[in-house]
> 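I have a structure here, written as structure tokens, and I will follow up with some questions on it.
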Amino acid sequence: WWYRRKKRGATPPIITSAAPTGIAYGVAVNHPYTATGSTPITWSVTAGALPTGLSLNAGTGALTGTPTASGAFSWTVTATNTAGTADQAATLEVLPGFTVTTTGAATLTIALLTVSASTTVFWGDGNSDAYTGTGTRTHNYAGAGTWRVYFSSAATITALALSDNK
């Protein structure tokens with residue numbers, strides 16, 4: 001981070017929060033950016049782009065929303081007051097995932113390409129399964145709902161099948 005002094009007697013902002021980590025497709029985010037220094041402090045994204053579906057509140061520094069795309073994202077958040085500015089860069093991978101909607105009991109089968117490291121499939125209903133190597137994973141949903149399925153690390157899905165258990 002760096003800052004530029006602007007007003008005598010005022011204290012420039014210093015960003016005290018860590019950059020966000022562990023963001024997954026379809027999972028709500030509420031990450032508070034915080035800073036010390038003279039108030040008021042305003043927040044902005046001054047370089048790069050936030051993950052699709054997220055926004056930064058200029059007054060509070062809250063990064064909120066639900067990612068609607070997976071992939072790599074880089075951005076710089078700037079805290080500004082009358083005494084100067086402070087920057088914090090962030091780079092992260094929004095973990096891959098997708099949304100499944102069922103109208104009743106259903107079975108979802110996922111076939112993945114070889115996973116080089118262990119990953120976990122989060123089924124969106126509070127259950128999860130470890131996954132290493134190749135093959136398929138199957139999960140049964142008890143009833144109707146919308147489920148956000150995501151992975152703990154990057155994975156390449158080669159096939160999906162959803163059956164209605166009838």
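The figures here come from the full heavy-atom set of this structure, side chains too, leaving out hydrogens, waters and symmetry mates.
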> Measure the shortest side-chain to side-chain distance between L63 and L50 over non-hydrogen atoms and say whether it is less than 4.5 angstrom.
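Yes - at least one pair of side-chain heavy atoms lies under 4.5 Å apart.
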> Any chance the rings of Y150 and F122 have centres within less than 6.0 Å?
yes
> Using every non-hydrogen atom in the two residues, find where P67 and A24 come nearest and quote the distance to one decimal.
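For P67 and A24, the tightest heavy-atom pair comes out as CG-O, 3.6 Å.
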> Would you say the side chains of W123 and D129 form a donor-acceptor pair under 3.5 Å?
yes
> For the residue pair N30 / T64, report whether a side-chain donor-acceptor contact shorter than 3.5 Å exists.
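The criterion, which ignores hydrogens and geometry beyond distance, is not satisfied for N30 and T64.
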> Verify the distance criterion only: is there a donor paired with an acceptor across the side chains of T34 and T16 at less than 3.5 Å?
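T34 vs T16: donor-acceptor pair found between side chains.
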> How far apart are the closest heavy atoms of P13 and G84, and which atoms are they?
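Looking at all heavy atoms of both residues, the shortest contact is CD-O, 3.5 Å.
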> Quick check against the 3.5 Å criterion: does H139 have a side-chain atom that pairs as donor or acceptor with the backbone of N127?
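A pair under 3.5 Å: no.
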> Pick out which of T85, D87, T42 makes a side chain to side chain donor-acceptor pair (under 3.5 Å) with T78.
D87
> Which heavy-atom pair separates S38 from T11 by the least distance, and what is that distance?
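Result for this residue pair: OG-N, 2.7 Å.
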> Can you check whether V77 reaches Y33 side chain to side chain, under 4.5 Å on heavy atoms?
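Side-chain contact under 4.5 Å: yes.
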> Could you tell me the separation between the OG atom of S44 and the CG atom of L56, rounded to the nearest 0.5 Å?
7.5 Å
> Distance from T36 atom OG1 to I14 atom CD1, nearest 0.5 Å?
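One finds 4.5 Å between OG1 of T36 and CD1 of I14.
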> What are the two closest heavy atoms between T138 and T109, and how far apart are they?
OG1-OG1, 3.3 Å
> Short question: side chain of T60, backbone of A62 - any donor-acceptor pair under 3.5 Å?
yes
> Measure from the side-chain N and O atoms of Q88 to the backbone N and O of S17, and report whether any donor-acceptor pair falls under 3.5 Å.
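Looks like yes, one N/O pair under 3.5 Å.
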> What heavy-atom pair brings V121 and V149 nearest, and what distance separates the two atoms?
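Taking every non-hydrogen atom into account, CG1-CG1, 4.0 Å.
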> What heavy-atom pair brings V27 and R148 nearest, and what distance separates the two atoms?
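In terms of heavy atoms, the two residues are closest at N-CD, 4.4 Å.
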> Start with the C-alpha gap between V45 and W75, add the side-chain angles, then the distance that decides, and say whether side chain to side chain contact (heavy atoms under 4.5 Å, CB included) holds.
CA-CA 7 Å; V45 175; W75 66 92; 4.1 Å; yes
> So which of T99, D125, T102 actually passes side chain to side chain donor-acceptor pair (under 3.5 Å) with W147?
T102
> Apply side chain to side chain contact (heavy atoms under 4.5 Å, CB included) to residues F73 and V94 and explain how you reach the verdict.
CA-CA 8 Å; F73 295 87; V94 174; 3.7 Å; yes
> Between atom OH of Y141 and atom CG of L108, what is the distance when rounded to the nearest 0.5 Å?
5.0 Å
